[in-house]
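Since the structure comes first, as structure tokens, the remarks are kept for the end.
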Number of protein chains: 2
Amino acid sequence: MAQADPLKLDSMLCFAVYAAEHAFTRFYKPRLEALELTYPQYLVFLVLWETDGITVKALGDKLFLDSGTITPLVKRLEARGLLRRERDKQDERQVRIYLTEEGRALREKALAVPLAVGKALGGDGEAAGMLRESLHRLREQLDASSDS
Amino acid sequence: MAQADPLKLDSMLCFAVYAAEHAFTRFYKPRLEALELTYPQYLVFLVLWETDGITVKALGDKLFLDSGTITPLVKRLEARGLLRRERDKQDERQVRIYLTEEGRALREKALAVPLAVGKALGGDGEAAGMLRESLHRLREQLDASSDS
DNA sequence: AACAATTCAATTGTGTGCAATAGAAATTTC
DNA sequence: GAAATTTCTATTGCACACAATTGAATTGTT
């Protein structure tokens, strides 16, 4: 049966995504207080712990953020001594981001965060994995249509 | 099999939600240009077209936004003559929001937007419906844990 | 009725997020 | 190898988004 009212808020996938995203941010906030990180800052560290020395561009590509967001975000983290920005010697257009000892050390505290998520969601993580893949496909479909 | 690295970005449900939300915003942006609305402004109108005369508080509850976000957002729409804010006579703490004729007229143009989404996602909408319900449950689980 | 507690909208301050632009550096084209 | 194009970071301006606070209005208590 087709939707009677095509503009009904609660029937919209976009709003379900929007609301879930805010719920995640609210959920993370108190859990990230021990690290003194905001959620986007936490995402930056997830990338850096995997790939130290990444360029600003590559970081933005991974997180789907542009330089207008990344640059000030990373600068705040640099001001706190958690990382260091350095222009690439081979290609001086690029700026590479390196963790400081303090930034690397944050990782230990961060391990508690995904545990809290797992606890909140319950289950064995299979349902969460399926949902994650559905969202991945959704993002690809939306991005593919955005170009055209 | 449990996740080898619990801090791997691409394995995280939170990031899948985060990225999908941004993709939706990017997707909507050009589609909402005909209405000259941002995505959050569009959400406000979805509510108002359903429930004209709603209070600022109730609007915030529906969209999971607080007064610090809603108040300036609605004021911008009022400045453009799309709606009108009026203090409730019975309870003067409350401000009710009423559509103007121009705000009501926007609805016609808005009908094209969900059609574009349906086209981008393909299918009969069943998969989208399932995904929407999964996200709804996810939000409830996160909010329930946020309180505690 | 008087006072305390609660509710609600608005404001301030900080941190994203993106469009548009600027400017430096590298690459391509000729 | 000089000029045009592209790539990359940074900046500016505008719009969310939330925490914390304020102040007005209402409700609850005695």
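Sequence lines set the chain letters: A, B, ... in the order given, protein chains first and strands last, and positions in each chain run from 1. Computed from a predicted structure; not experimentally measured.
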Partners of [X] by side chain to side chain contact (heavy atoms under 4.5 Å, CB included), sequence neighbours excluded?
X	value
Lys8(B)	Glu50(A), Gln3(B), Asp5(B), Ser11(B)
Asp61(A)	Lys57(A)
Arg87(A)	Val95(A)
Pro6(A)	Leu111(B), Pro114(B)

Item to check | For Tyr42(B), all residues meeting ring pair (Phe, Tyr, Trp, His ring centres under 6.0 Å), sequence neighbours excluded | outcome: Tyr28(B)

Checklist entry - Can you give the first and last nucleotides of DNA chain C, 5' to 3', that have an atom under 4.0 Å from a heavy atom of chain A? => result dG15(C) to dA26(C)

To the nearest angstrom, how far is [X] atom [atom1] from [N] atom [atom2]?
X	N	atom1	atom2	result
Gln90(B)	dT26(D)	CD	P	10 Å
Leu65(A)	dA10(D)	CG	P	15 Å
Arg96(A)	dC8(D)	CZ	P	11 Å
Glu33(A)	dA20(D)	CD	P	8 Å

Which part of the nucleic acid does [X] contact within heavy-atom distance under 4.0 Å: base, sugar-phosphate only, or nothing?
X	answer
Ile70(B)	nothing
Asp66(A)	base
Arg85(A)	sugar-phosphate

Item to check | Interface residues of residues 34-54 of chain A with DNA chain D (non-hydrogen, below 4.0 angstrom) | outcome: none

Item to check | Under the salt bridge (Lys or Arg N to Asp or Glu O under 4.0 Å) test, residues paired with Arg104(B) that sit two or more places apart | outcome: Asp52(B), Glu101(B)

Checklist outcome for this item: Residue pairs passing the salt bridge (charged side-chain N to carboxylate O under 4.0 Å, His left out) test with at least one member in residues 15-26 of chain B, sequence neighbours excluded, are Asp143(A)-Arg26(B)

Checklist entry - Under the salt bridge (charged side-chain N to carboxylate O under 4.0 Å, His left out) rule, what pairs show up with a residue in residues 109-132 of chain A, not counting sequence neighbours? => result none

Item to check | dA25(D) OP1/OP2 closer than 4.0 Å to side-chain N/O of Arg87(B) | outcome: no

Item to check | Selection: residues 8-30 of chain B, any non-hydrogen atom under 4.0 Å of DNA chain C | outcome: Tyr18(B), His22(B), Lys29(B)

Distances under 3.5 Å only, N/O to N/O: pair up the protein atoms with those of nucleotides 11-13 of chain D.
unit_1  : atom_1 : unit_2   : atom_2 : d
dT11(D) : OP2    : Lys75(A) : NZ     : 2.7

Checklist outcome for this item: Between Arg76(A) and Arg93(A), the residue closer to the 5' end of DNA chain C by nearest nucleotide is Arg76(A)

Next on the checklist: The test is side-chain contact (heavy atoms from CB on, under 4.5 Å); show your working for Ile97(B) and Glu78(B) and say whether it passes.
Outcome noted: CA-CA 9 Å; Ile97(B) 306 169; Glu78(B) 184 181 37; over 6 Å; no

